[in-house]
Every structure is written in C-alpha cells, then in structure tokens.
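Worksheet: one structure, shown below.
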Amino acid sequence: MSRFWSSKTRELKPYVPGEQPREQRLIKLNTNELPYGPSPRALAAMRDACDDSLRLYPDPTGLALRQSIARTYGLDVSQVFVGNGSDEVLAHAFQALLQQSAPLRFPDITYSFYPVYCGLYGIESVRVPLTQDLRLQPEDYQDNAGPIIFANPNAPTGTALPLSEVEAIVAANPDHVVVIDEAYVDFGGESAVSLIARYDNLLVVHTLSKSRGLAGLRVGYALGHADLIEGLVRVKDSFNSYPLDRLALAGAQAAVEDTAYLAECCARVALTRANTVAALRQLGFEVLPSAANFIFARHPGRHAAELAGALRQRHIIVRHFQQARIEQYLRISIGTDAEMAALCDALSGILADQGGC
Ligand SMILES: *Cc1c(COP(=O)(O)O)cnc(C)c1O
C-alpha cells in the first residue's frame with residue numbers, strides 16, 4: 001500500500017495465478033500446461049526469427065499469423081484478432097464488448113479472471129450458479145438479457161457443453177455478445193467456431209498456452225464477426241500497438257500450422273486422462289467427466305486441502321481453490337504417463353497412511 005496509489009488501484013482484487021515453482025524436481029500439475037514441448041517447427045521458426053531484424057518493430061496487425069489462423073478455421077482474416085495471451089484478448093473483449101448497460105452474466109464456478117476484469121473495468125456482473133453437479137444449464141441463459149461469457153470446456157470443472165447447447169445460448173441472445181472461452185477445446189470439446197458465419201454476436205477465444213504447449217510465449221486469439229474484431233483492434237491500438245513480438249509471431253504461426261503435432265499431443269493427453277480417471281476412481285475419488293487437459297476430483301473421506309498439502313510434501317503440486325462449493329475438489333493437470341503414475345502412487349500412499357474415514 002502506498003499513499004500514491006489511485007483509489008482504483010486500492011480497490012482492485014487481482015487474479016492469483018497458480019504457483020510457478022523454482023524447484024526443478026517438482027511434478028507440476030497445477031496450471032494445465034502441456035507436458036510435452038511445443039511443435040519442433042515452432043521452435044525452429046523462433047530460432048530463425050532470432051536475427052538482426054529484431055531491431056525493427058513487429059507487424060502491429062500480426063497479419064501473417066492471422067492469415068494462418070484464418071486458413072486453419074476457414075475464416076476471413078478480418079475475423080481474427082491476436083493478442084499477448086488469451087488473457088489479454090479476454091481483457092480487450094471485456095472492455096470493448098462486455099461493458100454494457102445490462103450486467104454481464106457468467107457461471108459462479110468458472111475461470112476466476114472474469115470477475116477480476118469486471119473489477120478492473122467497472123463492469124457490473126451476475127453470477128449464475130452451476131447445477132448441483134457443477135454443470136452449466138443452458139436454460140439459465142436464454143433470455144436475451146445481457147452479455148455472457150463462459151468457458152467451454154469449463155474451468156476448473158472440465159465439463160463441456162455440446163455445440164447444440166452452445167448454439168441455443170448464442171441464438172437466444174441476439175442483442176448481446178456471447179464470448180466463449182475455448183482455452184481447452186482441443187482436448188475434447190466441440191468448438192463454436194462453425195457458428196461464427198451465422199451469428200454476429202459470437203466471439204470465440206483460444207490460446208496457444210494449453211494444447212499448443214506455448215504458455216511461455218503468450219499468444220491467444222479471438223474469432224468472430226469482423227465488426228466485433230474491429231472493436232478489439234480499437235481497444236488494442238489504444239493500449240499497446242505491438243502486443244506480439246517478432247519471435248512470438250513466428251513461433252505462433254508455425255505452431256498453428258502444425259496441426260498434425262496438435263492432434264498427436266491432444267490424443268496422448270486424452271489417453272493419459274482416461275487412464276488417470278480410472279486409477280483415481282479405483283482410489284475412491286469422484287471425478288467429473290473431463291473434456292480438458294485436467295480433471296476435477298474429490299475424495300469423500302479426505303479434505304482436499306489436506307490432500308493437496310500431502311502431495312506437496314511428496315513434491316507434486318496440484319491446484320486447490322478456497323472457494324464455496326468447490327473447496328473439496330482438487331484440479332489436477334494431465335501430465336505425462338510417468339507423472340500421473342507418480343501422482344496415483346502418492347495418493348494411494350497418502351490414503352493408506354492416514355486411515356481415512
Ligand atoms: C489458461 C486459461 C486462459 C489463459 O490463457 P493465456 O493464453 O495463457 O492467457 C484463459 N481462459 C481459461 C479458461 C484458461 O484456463
């Protein structure tokens with residue numbers, strides 16, 4: 001606290017990211033990074049880009065990257081926006097599109113950055129409770145009453161809505177923007193990108209941080225009607241003209257174009273996920289069905305905070321949220337097969353050790 005802080009700064013409730021430990025030996029299952037490296041083609045493209053041209057500013061519009069993304073999804077380049085991580089893309093969407101007279105709606109259990117952006121931009125919001133079994137109920141959003149944002153698959157639950165239910169929400173709210181945060185869609189969700197041609201109120205946001213294994217590069221993008229994209233560009237050009245540097249533009253483009261590598265990584269994650277879910281159920285855990293690269297699980301006999309602490313002592317970190325309704329759950333990222341075997345061994349030891357109830 002400083003007397004020089006603005007009143008706005010004093011009021012902020014910043015997002016708290018998952019721990020990025022310095023300790024190397026840890027098995028890190030807490031922030032949903034891909035356990036495999038990025039596409040070798042992306043790494044090569046970044047090495048090639050590392051030359052004297054770095055003295056020049058990058059392309060402020062990220063045109064070459066946007067063209068690759070447009071081709072990948074069968075869209076026009078005017079329907080693609082790129083930014084410094086999808087968090088930045090989302091921030092611009094909040095400011096450009098979600099700040100309306102009607103309050104913004106999102107689930108009570110979802111990505112915890114949404115309420116932070118509301119605080120930052122002074123956006124009024126309503127939290128719509130998920131059902132008892134932590135599912136999003138499309139009927140709760142079918143009143144054309146204001147803008148909407150949700151993650152599909154949802155975080156931290158991992159559950160996904162089918163495309164038909166997503167479309168029902170978009171179609172029922174023609175006078176408001178619906179933002180779908182598809183950070184995890186490549187791991188098993190159904191993307192709403194195919195709806196963009198028919199709905200001018202739909203914005204779909206993706207990231208290269210999860211399925212493309214490039215969390216360290218900071219690249220995300222938004223897909224939607226050209227007029228929505230133009231709104232994002234206006235905010236971006238009033239904030240930072242060059243959100244993506246030359247290395248990021250080169251690496252991201254190669255990563256987006258390497259669709260075979262993406263498919264291979266996602267297939268591996270899905271297989272490891274299925275094995276992990278089965279192993280955790282064997283240990284007595286209740287596991288929500290996951291379409292993401294993490295699972296959300298609770299043990300009926302053990303407090304989640306206690307389990308997370310015991311795992312930490314065994315050099316495994318998972319995410320635990322001190323939040324009503326989900327404080328008994330652990331969110332566990334899908335790592336390599338070896339990491340997940342170590343997790344199950346550790347949990348089995350912890351459960352045996354302390355008796356249980
Ligand atoms: C990880 C995540 C993001 C942020 O991605 P970045 O591109 O790394 O900023 C956005 N939304 C959800 C739901 C996420 O889990």
Side-chain angles (χ1 to χ4, degrees), residues 14-20 28-35 38 42 62 65 69 80-94 98 104 106-118 120 127 130 134 136 148-161 166 178-189 191-192 203-223 232 236 239-240 243-245 248-249 251-252 255-256 262 266 269 273 288 290-296 318-319 321 323 326 329 331-334:
Y15 177 74
V16 182
E19 183 188 355
Q20 294 295 341
K28 191 175 177 308
L29 305 175
N30 67 330
T31 52
N32 302 340
E33 290 128 330
L34 195 71
L65 170 58
I69 295 169
V80 181
F81 177 83
V82 293
N84 192 262
S86 65
D87 285 339
E88 186 186 79
V89 175
L90 288 166
H92 290 341
F94 271 70
L98 301 180
L104 172 66
F106 51 82
D108 62 338
I109 312 284
T110 190
Y111 187 37
S112 41
F113 228 131
Y114 305 154
V116 175
Y117 292 133
C118 288
L120 178 61
R127 298 186 196 211
L130 296 179
L134 303 181
L136 188 150
I148 296 167
I149 183 167
F150 62 92
N152 190 44
N154 196 16
T157 59
T159 57
L161 277 188
V166 171
V178 179
V179 176
I180 312 203
D181 180 351
E182 294 189 339
Y184 300 103
V185 77
D186 296 328
F187 297 108
S191 178
L203 191 78
V204 178
V205 178
H206 282 194
T207 176
L208 270 64
S209 299
K210 312 284 163 57
S211 57
R212 306 275 183 175
L214 281 167
L217 199 63
R218 311 307 303 132
V219 182
Y221 54 93
L223 309 170
L232 298 178
K236 171 221 158 221
F239 176 76
N240 178 4
L244 293 183
D245 60 67
L249 288 169
V256 165
L262 170 74
C266 292
V269 166
R273 180 180 68 209
L288 293 190
S290 171
N293 67 333
F294 58 84
I295 48 183
F296 208 47
V318 300
R319 194 90 193 256
F321 297 90
Q323 188 188 339
I326 57 168
Y329 283 87
R331 193 196 67 188
I332 305 169
S333 308
I334 300 298

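Both ligands and their constituent atoms are indexed starting at 1 by order of listing.
Residue, atom and distance of the protein heavy atom nearest to atom 5 (O) of ligand 1 are Ser86 OG, 3.0 Å. Ranking the protein heavy atoms by distance from atom 11 (N) of ligand 1 puts Asp181 OD2, 2.7 Å first. Among protein heavy atoms, atom 2 (C) of ligand 1 sits closest to Lys210 NZ, 2.5 Å. Residue, atom and distance of the protein heavy atom nearest to atom 15 (O) of ligand 1 are Tyr184 OH, 2.5 Å. For atom 9 (O) of ligand 1, the closest non-hydrogen atom of the protein is Arg218 NH2, 2.8 Å.
For ligand 1, the atoms lying closer than 4.0 Å to a non-hydrogen atom of Gly85 are 7 (O), 9 (O). Near Thr207, with a cut-off below 4.0 Å to any heavy atom, the atoms of ligand 1 are 5 (O), 6 (P), 7 (O), 8 (O). Numbered from 1 in the order shown, with element, the atoms of ligand 1 that lie under 4.0 Å from a heavy atom of Ser209 read 6 (P), 7 (O), 8 (O).
Proximity of Val219 to Leu214: side-chain heavy atoms (C-beta onward) are nowhere separated by under 4.5 Å.
Side-chain contact of Asn154 with Thr159: a donor-acceptor pair under 3.5 Å is absent, judged by distance alone.
If you look at Ala183 next to ligand 1, the close heavy atoms, those under 4.0 Å, all belong to the side chain.
A donor-acceptor pair under 3.5 Å links the side-chain atoms of Asn84 to the main chain of Pro243, judged by distance alone. Using a distance-only test at 3.5 Å, with no hydrogens or angles considered, a donor-acceptor pair links the side chain of Tyr117 to the main chain of Asp87. Side-chain atoms of Arg273 come within 3.5 Å of backbone N or O of Ala292 as a donor-acceptor pair.
Aromatic ring pairs are classed by plane angle as parallel below 30°, tilted from 30° to 60° and perpendicular above 60°; the pair Phe296 and Tyr329 is parallel.
Taking the six-membered ring for Trp, Tyr15 and Tyr111 have ring centres closer than 6.0 Å.
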